[in-house]
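To start, the structure under review is shown below, and the notes come after it.
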Amino acid sequence: MSKIKLVIFDLDETLWRMEDGYCSILRPPLRETAPDTLADSIGRTIKLVGGVRELLASLSEAGIILSVASKNDAEPTTEVMHRFKIYDYFKYPQMEWNSKGKLVTRIIDLLLENDGISIKPEEALLVDDWESNVNDVRDLGVRTLHLSTDISRIEEVKGLVLEDDL
Ligand SMILES: [Mg+2]
């Protein structure tokens with residue numbers, strides 16, 4: 001199997017958790033109510049999953065390209081990524097109401113067009129908590145980790161990618 005060069009993360013219930021709904025229903029202004037926790041103007045909260053920033057740092061330091069494919073509006077999703085200090089880890093993050101297959105394909109195309117980086121489908125990995133998203137992307141030949149059946153904790157991605165144990 002080829003080594004993983006690109007890891008694409010889902011956001012809602014993968015890198016962060018909400019009590020209810022998805023990121024783009026949040027209504028700014030957002031305020032920090034606890035470490036790595038934001039509340040919107042009507043008190044709905046969103047919390048970064050523990051260990052996520054460390055995971056992104058480790059993968060990035062190992063030379064893995066990181067990106068995002070999320071079914072959300074660009075705002076306030078982009079703001080939430082900035083507020084959680086994770087935005088800068090991602091290359092060409094895609095937040096759009098479109099199939100994950102389309103979003104993943106676009107990231108791979110942008111890396112080739114803009115950076116001359118060629119990623120084969122089997123060198124890319126999607127981490128997502130929704131089985132339908134995983135199945136959609138797997139049809140392209142992209143590798144997948146389904147959060148809950150393949151892994152139970154997001155930190156497990158680090159060992160599996162860096163030790164090439166997928
Ligand atoms: Mg999700």
Side-chain angles (χ1 to χ4, degrees), residues 4 6-28 30 32-40 42-60 64-108 110 119 121 124-161 166:
I4 296 293
L6 168 67
V7 179
I8 301 168
F9 291 95
D10 169 54
L11 292 174
D12 294 323
E13 309 310 317
T14 296
L15 295 191
W16 58 48
R17 293 193 210 294
M18 287 184 66
E19 287 164 12
D20 191 23
Y22 49 93
C23 182
S24 42
I25 66 166
L26 290 173
R27 291 289 161 258
L30 304 174
E32 191 171 3
T33 53
D36 291 331
T37 307
L38 299 168
D40 74 354
I42 60 167
R44 285 178 298 213
T45 59
I46 185 164
K47 186 169 177 27
L48 189 69
V49 172
V52 159
R53 211 176 290 108
E54 294 77 5
L55 167 68
L56 299 175
S58 301
L59 293 175
S60 181
I64 311 281
I65 301 166
L66 307 177
S67 191
V68 159
S70 174
K71 292 181 185 178
N72 263 307
D73 299 316
E75 291 298 342
T77 312
T78 302
E79 182 189 346
V80 172
M81 286 196 280
H82 278 295
R83 296 284 294 268
F84 284 149
K85 298 184 174 61
I86 59 173
Y87 185 84
D88 291 342
Y89 285 111
F90 303 122
K91 202 126 171 93
Y92 309 124
Q94 302 294 310
M95 287 78 73
E96 190 178 294
W97 295 97
N98 214 327
S99 77
K100 296 269 173 150
K102 286 217 171 73
L103 301 184
V104 166
T105 299
R106 190 184 298 144
I107 293 163
I108 291 173
L110 286 167
I119 307 276
L125 169 72
L126 175 75
V127 183
D128 201 298
D129 68 304
W130 269 42
E131 196 151 24
S132 58
N133 293 333
V134 164
N135 291 338
D136 183 29
V137 162
R138 197 182 284 145
D139 289 344
L140 300 171
V142 168
R143 288 197 270 171
T144 57
L145 283 175
H146 179 227
L147 194 53
S148 86
T149 58
D150 296 324
I151 52 172
S152 55
R153 285 152 44 88
I154 192 75
E155 288 104 312
E156 293 171 55
V157 173
K158 178 181 168 184
L160 292 170
V161 169
L166 284 158

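Both counts, for ligands and for their atoms, begin at 1 and track the order of listing. Heads up: numbering here begins at 1 and tracks the sequence.
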Taking all non-hydrogen atoms of both residues into account, name the closest pair between Leu103 and Ala69 and its distance.
->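 That would be CB-CB, 3.9 Å.
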Do Asn72 and Asp12 have side-chain N/O donor and acceptor atoms under 3.5 Å apart?
->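 The criterion, which ignores hydrogens and geometry beyond distance, is satisfied for Asp12 and Asn72.
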What are the protein N, O or S atoms, given as residue plus atom name, that sit under 2.8 Å from the Mg ion (ligand 1)?
->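 Less than 2.8 Å away from the Mg ion (ligand 1) sit Asp10 OD2, Asp12 O, Asp129 OD1.
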CG (Asp20) with more than 12 external heavy atoms under 6.0 Å |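 Incorrect, the count does not exceed 12.
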If you draw a 6.0 Å radius around NZ in Lys71, do more than 12 non-hydrogen atoms from other residues or ligands fall strictly inside?
->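 Atom NZ in Lys71 is packed in, count exceeds 12.
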What's the verdict on salt bridge (charged side-chain N to carboxylate O under 4.0 Å, His left out) for Glu96 and Lys102, showing C-alpha distance, side-chain angles and the deciding distance?
-> CA-CA 10 Å; Glu96 190 178 294; Lys102 286 217 171 73; over 6 Å; no
List the steps and the verdict of side-chain contact (heavy atoms from CB on, under 4.5 Å) for Phe9 and Leu55.
-> CA-CA 12 Å; Phe9 291 95; Leu55 167 68; 4.0 Å; yes
